[in-house]
Structures are given as C-alpha cells and as structure tokens.
2 protein chains.
Amino acid sequence: MKRTTLKDIAKALNTTIATVSRALHDNPEISDEMKNRVREVAKLYDYKPNSTALSLKFQKSYTFGVIFFTLNQYFTTQILSGLLQEATKNGYKLIVAESNYDPKKELELIQEFYELNVDGILILPSRKLNTKRFELENIIRDDVPFVIIDRTIYFEKKKIPFITSDDYVGTREGISHLIKKGYKRFAQIKGLDSSSISNIRYQAFLETLTRHKLEIDHRKIISCQEFTKEEGEELANQLMSLEDKPDVIFCISDMVAVGVLHALRKKGYRVPEDVAVLGFSNSNICEVCTPQLSTIHQPGVEMGKKSIKLILSNIKQKKDISDVKIVMKTKLIEREST
Amino acid sequence: MKRTTLKDIAKALNTTIATVSRALHDNPEISDEMKNRVREVAKLYDYKPNSTALSLKFQKSYTFGVIFFTLNQYFTTQILSGLLQEATKNGYKLIVAESNYDPKKELELIQEFYELNVDGILILPSRKLNTKRFELENIIRDDVPFVIIDRTIYFEKKKIPFITSDDYVGTREGISHLIKKGYKRFAQIKGLDSSSISNIRYQAFLETLTRHKLEIDHRKIISCQEFTKEEGEELANQLMSLEDKPDVIFCISDMVAVGVLHALRKKGYRVPEDVAVLGFSNSNICEVCTPQLSTIHQPGVEMGKKSIKLILSNIKQKKDISDVKIVMKTKLIEREST
DNA sequence: ACATCTTACGTAAACGTTTACAGTTAATAA
DNA sequence: TTATTAACTGTAAACGTTTACGTAAGATGT
C-alpha cells in the first residue's frame with residue numbers, strides 16, 4: 001500500500017538509489033541496459049516521484065497561494081478559473097483561501113503561505129487592507145513574487161506589481177456613451193473612499209462629465225458599503241427622492257444595479273426611458289434581470305491567466321516584474337437598461 | 001533573506017538541532033534555562049518551522065485536494081466556501097482544481113493529488129464521470145480518504161462515502177406544494193439519464209405525481225445538456241408548443257429556469273398565473289430575475305463544511321467513513337414564480 | 001608496460017525536521 | 001568509595017530526493 005520509492009527500485013535491482021535516480025533522469029553516465037532495467041521496474045511498481053521530497057530538496061513547491069476577499073461574486077470566481085487554467089497548464093497548483101474582507105486574516109494568510117514555501121502569492125485584497133498597507137508592506141518578502149489583483153496599492157518603499165481592469169477607460173466609455181444618448185442628470189453609486197477601484201471610477205465619472213460640460217451634482221454621488229441588492233434598492237430610493245432626480249444611475253457593481261432596477265420598478269419608473277442603469281463587471285446576473293443590465297465587462301478569466309503568466313515570467317525567466325502594472329481592457333456591454 | 005532553520009538557532013547557541021527542536025516543543029528533558037534561550041533566539045530570528053520538511057517527515061501534508069466540475073456556478077462556489085472555512089479552521093489547506101466536466105481530467109487530477117501526498121480528496125464529479133466509474137474505482141486508494149460531493153456513485157467493490165442534498169424530498173415538497181396550489185399539468189426539464197442527481201429528481205417527480213393521482217405526460221419530460229439559459233428558453237418553447245401545454249415547468253437548475261421565464265415572457269404567458277416555474281439550488285440569480293424564482297434550496301456552504309468534518313473524522317478519530325451517506329436537508333423557497 | 005582516459009556505478013552530503021538511543025555530568029544511595 | 005540514578009544534551013537515522021565527488025574496471029595511447 002505504501003508508495004514505491006527509489007529505494008524500493010534500487011533494492012529490487014540490487015543497486016543504489018543514485019543509479020536509479022540517474023537512470024530515471026536519463027543521465028548519460030548510466031548504461032542503456034541499466035536504464036532499461038530501472039524503467040521496467042519503475043513501471044512495474046508504478047513509481048511516482050515524491051513531490052514533497054522534491055520540494056524540500058529544491059526549495060520550491062510549484063504552488064501558488066491565492067487569497068480572495070470573497071468567492072461569492074461572479075467576477076472573483078472568473079478570476080479563480082483563469083488562475084487555475086493557467087497554473088495547471090504550467091504544472092503549478094493553487095492553494096486557495098478566502099479572507100472574507102478581513103484585513104487581519106489577509107495578513108495571516110500571507111504569513112501562512114510563506115511558511116508553506118509557496119512559490120508565489122496572488123491576492124485580491126479587500127478594500128480594508130489599504131488601511132493596513134504598512135503592515136502589508138512589511139510582511140511582503142522580496143524572494144517570493146507577489147502580485148496584487150483587481151486593486152492598486154502603492155507602497156512607500158516596495159514596488160509590487162498589480163493587474164487590474166481599465167476601469168477608468170471603461171467608465172469613460174460607458175458614461176460618454178450615455179451622454180451621447182442624451183442623458184444629462186448623472187448619479188453614481190460608488191464604494192467607500194478607501195477603495196482605489198471606486199476612486200478610479202469616480203474620477204473617470206467626474207472627468208467625463210466635465211469634459212462634456214455637464215454639471216456635476218454631488219448630492220447624486222453616494223457610497224455603498226456591502227454591494228448588496230438591498231443596498232442598491234435603498235440608495236436608489238434615496239436618489240429618486242431628490243427634487244432633481246437623476247436620469248442615469250451608474251453603479252459600482254452589477255448586484256447593486258439590480259437592486260436599483262428593482263427599486264425603480266417598484267416606484268414605477270421606466271428603464272431605460274426615465275432612468276438608465278449601468279452596472280459594472282458583466283456578471284452572470286446581467287442577462288438574468290429585467291430589463292437586462294448594461295454593464296462594463298471586466299475580463300476576469302483573462303486577468304487570472306495574465307496574473308499567472310506574470311508571476312511565471314518572474315520565476316522562469318527571472319524577469320523583474322516589480323514595476324509591472326497591467327491594465328486590462330474593459331468593454332461596454334449594452335443591454336436593455338440603457 | 002533565507003528562512004531561519006533549527007540549524008541556525010543551534011549554531012547561534014552553540015548547541016545541536018535536536019536540543020533546539022526539543023526546546024521548541026517544550027520537551028521535559030530540556031532545562032528551563034535552555035528553553036528560554038532557544039525561544040529567545042527563535043523569536044529574534046523569526047523562526048518558522050518548515051512545513052515541507054514536516055510533510056516529508058510525517059508523511060502528511062495537511063492538505064486536501066478538491067476537484068470541481070466547474071466553479072462557474074453559484075452552488076459550487078458555495079460549497080468551496082464551506083470547504084475553505086472548515087478546512088482552515090482545522091489547519092488544513094485546500095488545493096483546488098477544475099475538471100471542466102472532463103472525466104479524463106478528473107482521473108488525472110486524482111492521480112496528481114495522490115502524487116502530492118494530499119491527506120484526502122474531495123470531488124464534485126461531472127455527470128460524465130459515471131461512465132468512467134470503473135477507472136475511478138480502480139484509481140481510488142484505500143489509505144487516502146475520498147469523499148464524493150453532490151453526486152451518488154456506487155461502485156462494485158469499494159465503498160466510498162458521499163454527501164448530497166436531499167433532492168428527493170426537496171422535489172417532493174416542491175411538487176406537492178404546487179399540486180396543492182391547483183397546478184395539474186406538470187412538465188420537467190431534467191438532465192441526462194446518466195446523471196444520478198437528475199434521476200433522483202425525476203423519480204421524486206414521478207412518484208409525487210403518481211401519489212396524488214395525477215396523470216404523467218411523458219412528452220412533457222425532456223432533457224437538457226448544458227444547463228444554460230439559452231437551453232432553458234429553447235426547451236420552454238418546445239414545451240409550450242405542445243397541444244396540451246404544461247402549467248408547471250420544473251427545472252434542473254435555476255439558470256435553466258431563468259431561461260424558461262424569459263421564453264414564457266416573450267410568448268406572453270403570465271407567471272405564475274398561466275405557468276409556474278420552479279428552479280433548483282437557490283442561487284443568487286433567483287432574486288434577480290423577474291418574477292423572482294421559486295426554487296429548492298441546497299445548503300452549499302453547509303455541505304462543504306460537513307464534507308470536511310466527515311473526512312477529518314476519518315483522519316483524526318480514525319472513524320471508518322466508507323459507509324457514510326450524508327443527505328442534507330433541502331428547503332422549498334417560495335418566491336413569485338409559483 | 002605504464003600512464004591516461006572513459007565508462008559506469010557507488011558514496012555521501014544536503015534539503016529541515018523529529019526522535020530513539022547513547023552519552024555526560026552531577027547528585028544520590030549503599 | 002562506588003554504584004545507581006536523574007537531568008540534561010548530543011549523535012545519528014529517518015522521511016525521499018538530487019548530485020558533487022570518488023572509484024573501479026576496461027579501453028586507449030605511447
């Protein structure tokens with residue numbers, strides 16, 4: 001029942017593990033006859049090298065650690081799929097962990113990954129991790145590649161590569177398209193101020209309106225916390241109770257946008273005639289809701305793949321990736337809600 | 001930059017690694033003075049035991065391998081969440097892999113997991129793996145616990161524990177509730193005949209109708225393959241083109257049900273007045289679509305947790321789990337579509 | 001005939017741990 | 001005084017690999 005080892009094969013052939021190891025690696029110092037005998041026995045015994053021993057020997061695990069703030073979103077699972085595809089394709093495994101938005105847990109998980117001798121760490125940090133940026137910076141080791149996905153965090157001393165979607169351009173395209181359609185009174189449901197992503201979209205929102213000489217009404221720009229449908233409903237009601245009601249509600253996430261749609265329907269507003277609603281991410285719910293939700297597509301799977309490629313370029317080709325900032329193209333997806 | 005090892009500490013204190021190891025394990029044979037000195041240096045050097053070395057030594061990795069047929073469904077990611085929570089809580093890691101419904105890949109991944117010395121394997125098998133049951137049976141090793149999630153596969157010689165949701169009772173509750181409401185002409189969109197899950201729901205569907213003396217119209221029972229929205233639309237159209245149109249469409253998944261809803265709306269049928277639609281799983285899309293989808297809740301997170309508990313009961317308490325068949329309660333969730 | 005070079009294999013150290021067993025010293029008992 | 005014991009620490013093997021180095025035998029060159 002025990003796994004067969006080099007020792008077993010050596011014993012069977014009355015030779016040493018060194019010879020067996022070399023034979024299996026097709027080392028030129030080993031005679032063809034011996035190689036054949038070794039291979040035969042190896043096959044017979046179904047020999048498989050012990051990867052733990054190899055890890056110890058070579059000080060690498062062929063494993064990446066990945067931390068998600070949640071796996072409960074379509075976008076994050078798309079990233080996971082991309083990561084898995086590209087990792088397994090290259091002979092790497094993924095140890096997956098979920099931080100549930102807890103920055104302390106995120107730091108702990110990073111520590112744990114180091115103790116596991118992972119060959120690299122990828123993280124989708126929660127917004128809150130930004131507040132622990134200093135701790136994060138101090139914890140990150142220089143000898144294990146580190147990649148930040150879906151967020152941009154800048155540090156004092158260290159340079160850490162990140163990979164995001166081009167939310168700026170995505171937002172600009174979405175908003176300017178709506179402007180062209182004649183919408184004028186733009187509202188935004190953004191995230192908290194501590195979120196880099198939210199801020200980028202906010203900036204793009206503001207600047208696009210400004211460039212088109214549209215007035216910006218700051219009472220129409222509000223923040224949500226949990227990104228839930230319920231919150232979307234609540235905030236939509238809040239927005240529609242303004243005297244000057246918006247004719248566009250640009251949301252931080254698709255789920256929030258769905259909440260907005262529901263609230264609008266309940267109040268009798270027509271979408272997209274009275275109010276246009278624009279989501280973000282292009283998750284699977286966009287085609288499910290009524291009206292179907294226009295949104296800005298983030299290429300989750302591709303981001304995952306690219307992240308692995310990035311980290312592998314550091315490991316395999318020894319490329320310095322500390323300066324890399326990958327920004328992946330987004331795409332406006334027009335459906336019924338705009 | 002290198003990790004500090006026992007050797008480093010030993011050298012610093014001019015002693016041996018054995019003493020250091022013992023001191024760190026609070027071995028009574030070591031003097032308190034030595035223990036203190038060792039601990040001090042260990043702290044100073046930020047010593048962390050090398051888990052790879054421990055894995056090699058103890059022949060365990062504190063790692064489980066998990067195989068998903070897809071991570072692109074709400075239900076499967078819920079299971080993943082549950083698995084992760086319970087695993088990390090117990091100091092275990094998860095290596096995650098996606099088979100993308102490819103039975104060959106599933107078998108390969110299992111092999112790979114064995115080579116990685118995982119302490120256990122959990123799998124959500126694709127329906128197609130059933131056809132490779134023989135290969136699967138032969139590949140499974142007796143010394144590494146194996147758990148099947150969300151599917152029931154019976155083998156010739158081996159006994160493998162599985163954990164599923166009680167789809168039989170769930171279906172029965174759903175259908176009989178609809179019967180009570182006065183619906184009479186039941187249609188089912190089921191999966192392929194090779195799917196154990198689909199068959200259980202099919203049986204429950206038939207038997208519930210029979211018990212209530214309702215006629216079963218086999219033209220109203222059709223199969224889908226990909227479980228997509230588009231397929232749901234197509235099959236709904238097919239069902240509604242029968243002379244004797246159904247007044248209930250019971251679907252194999254929520255996404256299929258959403259497709260059905262869309263098709264019905266396009267054709268002008270009212271839901272739930274003309275046709276009731278019932279999904280399965282209670283995924284996040286149920287509250288998103290219009291009308292909101294009634295469904296049968298499967299406790300994904302709990303199933304994940306329970307799976308880890310099960311496998312740990314084998315590992316830690318040496319319980320024989322080969323006979324275990326866990327069937328978790330489902331729950332009818334009534335929303336607007338019924 | 002002798003040095004030299006190949007060829008083919010063995011020895012042993014290393015990766016970082018744990019732990020059975022073997023010392024060493026000092027204290028205690030006879 | 002000497003044997004016994006207790007308290008502490010060191011030695012070395014083991015987990016399964018890889019690989020620098022050593023070595024033996026035969027082949028080649030002069």
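Just so we're on the same page: letters track the sequence lines, and every chain starts at 1.
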Checklist entry - What string of B, S and - do you get for nucleotides 21-27 of chain C, 5' to 3', if B is base contact, S is sugar-phosphate-only contact and - is no contact with any protein heavy atom under 4.0 Å? => result B------
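In this structure, Ser31(A) and Gln59(A) both approach DNA chain C, and ranking their closest nucleotides by distance from the 5' end singles out Ser31(A). The residue among Lys7(A) and Ser21(A) whose nearest nucleotide of DNA chain D is located toward the 5' end is Lys7(A). With the nearest nucleotide of DNA chain C identified for both Thr19(B) and Ala53(B), Ala53(B) has the one nearer the 5' end. For Lys57(A) and Thr16(B), each mapped to the nucleotide of DNA chain D holding its nearest heavy atom, the one lying further toward the 5' end belongs to Thr16(B).
Asp119(B) and Lys93(B) are not joined by a salt bridge, as no carboxylate oxygen comes within less than 4.0 angstrom of a charged side-chain nitrogen. With salt bridges taken as basic N to acidic carboxylate O contacts below 4.0 Å, none links Lys132(B) and Asp102(B).
The distance between atom CG of Leu24(A) and atom P of dC9(C), rounded to the nearest whole Å, is 14 Å. Between the C1' atom of dA14(D) and the CZ atom of Arg3(A) lies a distance of 17 Å, rounded to the nearest Å. The interatomic distance linking Asn14(B) (CG) with dT9(D) (P) rounds to 13 Å, in whole Å. Following rounding to the nearest Å, Asn27(A) (CG) and dA8(C) (C1') show an atom-to-atom distance of 10 Å. One can place CZ of Phe58(A) at 7 Å from C1' of dT17(D), the figure rounded to the nearest angstrom. Rounding to whole angstrom units, CD1 of residue Ile9(B) and C1' of dT17(C) are separated by 12 Å. With rounding to whole Å, Lys60(B) atom NZ is found 18 Å from dT17(C) atom P. Rounded to whole Å, atom P of dG16(C) lies 8 Å from atom CG of Asp8(B).
When heavy atoms are screened at a 4.0 angstrom cut-off, Ile30(A) is found touching the sugar-phosphate backbone but no base atom. As judged by a 4.0 angstrom heavy-atom cut-off over every strand, Ser55(A) is placed among residues making no nucleic acid contact.
Here Phe64(A) pairs with Tyr92(A) under the ring-ring contact (aromatic ring centres under 6.0 Å, His included) rule; sequence neighbours left out. With sequence neighbours excluded, the residues satisfying side chain to side chain contact (heavy atoms under 4.5 Å, CB included) with Glu137(A) are Phe155(A), Glu156(A), Lys157(A), Lys158(A).
Residues in residues 69-88 of chain A take part in these ring-ring contact (aromatic ring centres under 6.0 Å, His included) pairs, two or more places apart or across chains: Phe69(A)-Tyr101(A).
In the helix from dA1(C)-dT30(D) to dA30(C)-dT1(D), the end axes, each obtained as the rotation axis mapping the C1' atoms of four pairs onto the next four within a five-pair block, lie 70° apart to the nearest 10 degrees.
The heavy-atom pair separating Thr76(A) from Phe68(A) by the smallest distance is O-CE2, 3.4 Å. When all heavy atoms are compared, the tightest approach of Lys35(A) to Ile30(A) is CE-O, 3.5 Å. Shortest non-hydrogen contact noted between Ile321(A) and Asn314(A) is CD1-CB, 3.7 Å.
Formation of a donor-acceptor pair under 3.5 Å by the Thr15(A) side chain with backbone atoms of Leu13(A) is not found in this model. Using a distance-only test at 3.5 Å, with no hydrogens or angles considered, a donor-acceptor pair links the side chain of Thr131(A) to the main chain of Lys128(A).
Here dT18(C) is the nucleotide among dT9(D), dC9(C), dT18(C) with the atom lying nearest to any side-chain atom of Ile17(B). Picking from dT18(D), dT9(D), dT17(C) the nucleotide with the shortest atom distance to the side chain of Leu54(A) gives dT18(D). Of the candidate nucleotides dG16(C), dC9(C), dT18(C), dC9(C) has the atom lying nearest to any side-chain atom of Thr15(A). Listed nucleotides: dT17(C), dG16(D), dT18(C). Nearest to the side chain of Thr5(B): dT17(C).
Interatomic distance, Glu112(B) CD to Ile95(B) CD1, rounded to the nearest 0.5 Å: 9.0 Å.
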Item to check | Verdict with reasoning, Thr52(A) to Ser55(A), per side chain to side chain donor-acceptor pair (under 3.5 Å) | outcome: CA-CA 5 Å; Thr52(A) 308; Ser55(A) 285; over 6 Å; no
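A close approach under 4.0 Å does not occur between any side-chain nitrogen or oxygen of Thr52(B) and OP1 or OP2 of dG16(C).
When each of Asp320(B), Asp142(B), Asp323(B) is paired with Lys159(B), the salt bridge (charged side-chain N to carboxylate O under 4.0 Å, His left out) condition holds for Asp323(B) and for no other.
Within residues 36-48 of chain B, the residues approached by DNA chain C to less than 4.0 Å at the level of any non-hydrogen atom are Tyr47(B), Lys48(B), in residue-number order.
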